[in-house]
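Data block below; observations after.
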Amino acid sequence: MILDKKVLRARMRAERDRFVASFPDKKPAILVPPEFRDRLAHGLTVASYVPMGGEADPSPLARAAVEAGCEIVLPHVTGPKPPLRFLAWDTEAALIAGPFGLHQPVETADERAPDIILTPLVAFDAALNRLGQGAGHYDRAFAAFPDAWRVGVAWSVQQVDALPADPWDVPLHAIATETDWIFA
Ligand SMILES: Nc1nc2c(c(=O)[nH]1)N(C=O)[C@@H](CNc1ccc(C(=O)N[C@@H](CCC(=O)O)C(=O)O)cc1)CN2
Ligand SMILES: Nc1ncnc2c1ncn2[C@@H]1O[C@H](COP(=O)(O)OP(=O)(O)OP(=O)(O)O)[C@@H](O)[C@H]1O
């Protein structure tokens with residue numbers, strides 16, 4: 001197991017980007033299993049994200065949520081230190097360029113508490129541990145919304161045998177890839 005999260009992050013971002021580059025025309029789609037659809041209900045708030053670079057695109061999951069009558073929120077950050085906020089986003093609304101090359105809702109949009117959080121992963125393991133960007137944005141969001149269902153989204157090549165877990169790391173409830181789903 002690689003214990004240094006920084007080293008692992010660099011390696012797994014490269015692995016992810018190599019995988020995506022092998023699909024120059026059309027990237028594979030993240031699977032939407034019945035267990036995910038069963039969780040969706042009219043009026044639930046689902047946090048999605050706008051993928052950047054080689055990140056897996058959660059759109060199939062977000063689309064299923066919209067079809068089930070869920071409200072979509074997107075993460076909004078202003079830098080590495082201030083906490084992430086989940087802001088309402090109507091699927092037609094414009095996105096604004098933010099830090100780290102992100103596209104985010106306008107910062108005056110309504111803040112909402114999510115029931116389901118789709119989170120982009122840099123790496124994951126079969127025990128549902130995750131590695132993110134390292135700013136602690138999702139770690140802190142999971143601590144702020146402990147009752148939300150935490151779903152990681154990644155390409156299958158981002159799986160590793162085991163991840164080092166720090167005391168603040170909160171495991172996921174499920175992980176979605178283009179080939180499989182892992183559930184707690
Ligand atoms: N698409 C997306 N949105 C997101 C996140 C994310 O990981 N992906 N976040 C997750 O917390 C939050 C934003 N926080 C972030 C914190 C650090 C970096 C960052 O260090 N990015 C690297 C390169 C990223 C890569 O290649 O994967 C950089 O800017 O050098 C990005 C986002 C909320 N929105
Ligand atoms: N609940 C929390 N409250 C305050 N700080 C936190 C909390 N959780 C994590 N942090 C801080 O966030 C930083 C990043 O943690 P870590 O390297 O584990 O991020 P990560 O696994 O890449 O996940 P993330 O996607 O959340 O960035 C650490 O410095 C940690 O102290």
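One-based numbering, in listed order, for ligands and for the atoms of each. Just so it is clear, the structure is predicted and the values come from calculations on it, not from any experiment.
A side-chain donor-acceptor contact under 3.5 Å links Glu178 to the backbone of Ser156. The closest donor-acceptor contact from the side chain of Asp115 to the backbone of Ala148 lies at 3.5 Å or more, if one exists at all. Judged by distance alone, the side chain of Gln104 and the main-chain N or O of Leu74 form no donor-acceptor pair under 3.5 Å. A side-chain donor-acceptor contact under 3.5 Å links Arg9 to the backbone of Gly132. For Asp166 (side chain) and Trp168 (main-chain N/O), no donor-acceptor pair under 3.5 Å exists by modelled atom type. Side chain of Arg140 to main chain of Gly136: a donor-acceptor pair is present (N/O by atom type, distance under 3.5 Å, no hydrogens or angles).
Of the N or O atoms in Gly132, one or more lie within a sub-3.5 Å distance of an N or O in ligand 2. In terms of polar-atom proximity, defined here as any N/O pair under 3.5 Å, Asp166 makes no such contact with ligand 2. Note: an N/O pair closer than 3.5 Å links His137 and ligand 1 by distance alone. The shortest N/O to N/O separation between Arg9 and ligand 2 falls below 3.5 Å. At least one N or O atom of Glu55, backbone or side chain, sits closer than 3.5 Å to an N or O atom of ligand 1.
In the displayed structure, Asp161 atom CG is contacted under 6.0 Å by at most 12 heavy atoms of other residues, nucleotides or ligands.
Of all the heavy atoms in His103 and Val50, the pair that sits closest is O-CG2, 3.6 Å. Residues Val160 and Leu8 share a closest heavy-atom pair of CG1-CD1, 4.5 Å. Tyr49 and Thr119 get closest at one heavy-atom pair: CE2-C, 3.9 Å. In plain terms, the two heavy atoms of Gly79 and Pro99 that are nearest each other are N-CG, 4.0 Å. Heavy-atom minimum distance, Asn129 versus Ala165: OD1-CB, 4.4 Å.
Heavy-atom contacts of His137 reach the following atoms of ligand 2: 26 (O), 27 (O) (cutoff under 4.0 Å). Applying the 4.0 Å criterion to heavy atoms of Pro120 picks out, from ligand 1, the atoms 6 (C), 7 (O), 8 (N). The ligand atoms of ligand 1 that sit less than 4.0 angstrom from a heavy atom of Tyr49 are 1 (N). If you number the atoms of ligand 2 from 1 as listed, the ones under 4.0 Å from a heavy atom of Tyr138 come out as 25 (O), 26 (O). Near Val50, the atoms of ligand 1 lying under 4.0 angstrom from a non-hydrogen atom of the residue are 1 (N), 2 (C).
Between the choices Arg140, Gln133, Arg85, the shortest heavy-atom distance to atom 17 (C) of ligand 1 belongs to Gln133. In this structure, of Asp139, Leu131, Asn129, Val122, the residue bringing a heavy atom nearest to atom 26 (O) of ligand 2 is Asp139.
In this structure, the protein non-hydrogen atom closest to atom 7 (C) of ligand 2 is Arg140 CG, 3.5 Å. When only non-hydrogen protein atoms are considered, atom 24 (P) of ligand 2 lies nearest to Arg130 NH2, 3.2 Å. In this structure, atom 29 (O) of ligand 1 lies nearest to the protein heavy atom Phe100 CD2, 3.8 Å. Looking at atom 9 (N) of ligand 1, its nearest protein heavy atom turns out to be Tyr138 CE1, 3.6 Å. When hydrogens are left out, the protein atom nearest atom 22 (C) of ligand 1 is Arg13 NH2, 3.9 Å; that is the closest non-hydrogen contact. Among protein heavy atoms, atom 4 (C) of ligand 1 sits closest to Leu102 CD2, 3.6 Å. Protein heavy atom in closest approach to atom 34 (N) of ligand 1: Pro75 CG, 3.5 Å. Counting protein heavy atoms only, atom 1 (N) of ligand 2 is closest to Ala143 CB, 3.7 Å. Atom 14 (C) of ligand 2 has its closest protein heavy atom at Gly134 O, 3.2 Å. The nearest protein atom to atom 18 (O) of ligand 2, hydrogens excluded, is given as Lys5 NZ, 2.7 Å; this is a heavy-atom distance. For atom 27 (O) of ligand 2, the nearest non-hydrogen atom of the protein is Gly136 N, 2.7 Å. Counting only heavy atoms of the protein, atom 27 (O) of ligand 1 lies nearest to Arg16 NH1, 2.9 Å. Looking at atom 15 (O) of ligand 2, its nearest protein heavy atom turns out to be Trp168 NE1, 3.3 Å.
A donor-acceptor pair shorter than 3.5 Å cannot be found between the side chains of Arg130 and Gln158.
Distance check, rounded to the nearest 0.5 Å: OG1 of Thr177 to CH2 of Trp155 gives 9.0 Å.
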Any chance you could lay out the salt bridge (charged side-chain N to carboxylate O under 4.0 Å, His left out) test for Asp169 and Lys5, step after step, and finish with the verdict?
CA-CA 12 Å; Asp169 283 330; Lys5 284 189 174 181; 2.9 Å; yes
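Using a 4.0 Å cut-off between heavy atoms, Gln104 makes no contact with ligand 1 at all. With a 4.0 Å cut-off on non-hydrogen atoms, Ala135 touches ligand 2 through its backbone and not its side chain. Proximity of Gln133 to ligand 2, defined as any heavy-atom pair under 4.0 Å, is confined to the backbone N, CA, C and O atoms.
Remark: atom 29 (O) of ligand 2 lies closer than 4.0 Å to no protein heavy atom. Within a 4.0 Å radius of atom 1 (N) of ligand 1, the protein contributes at least one heavy atom.
Every residue two or more places apart in sequence or in another chain that forms a side chain to side chain contact (heavy atoms under 4.5 Å, CB included) with Pro33 is listed here: Glu35, Phe36, Trp181, Phe183.
Classified by interplanar angle (parallel below 30°, tilted 30° to 60°, perpendicular above 60°), the ring pair His173/Trp149 is parallel.
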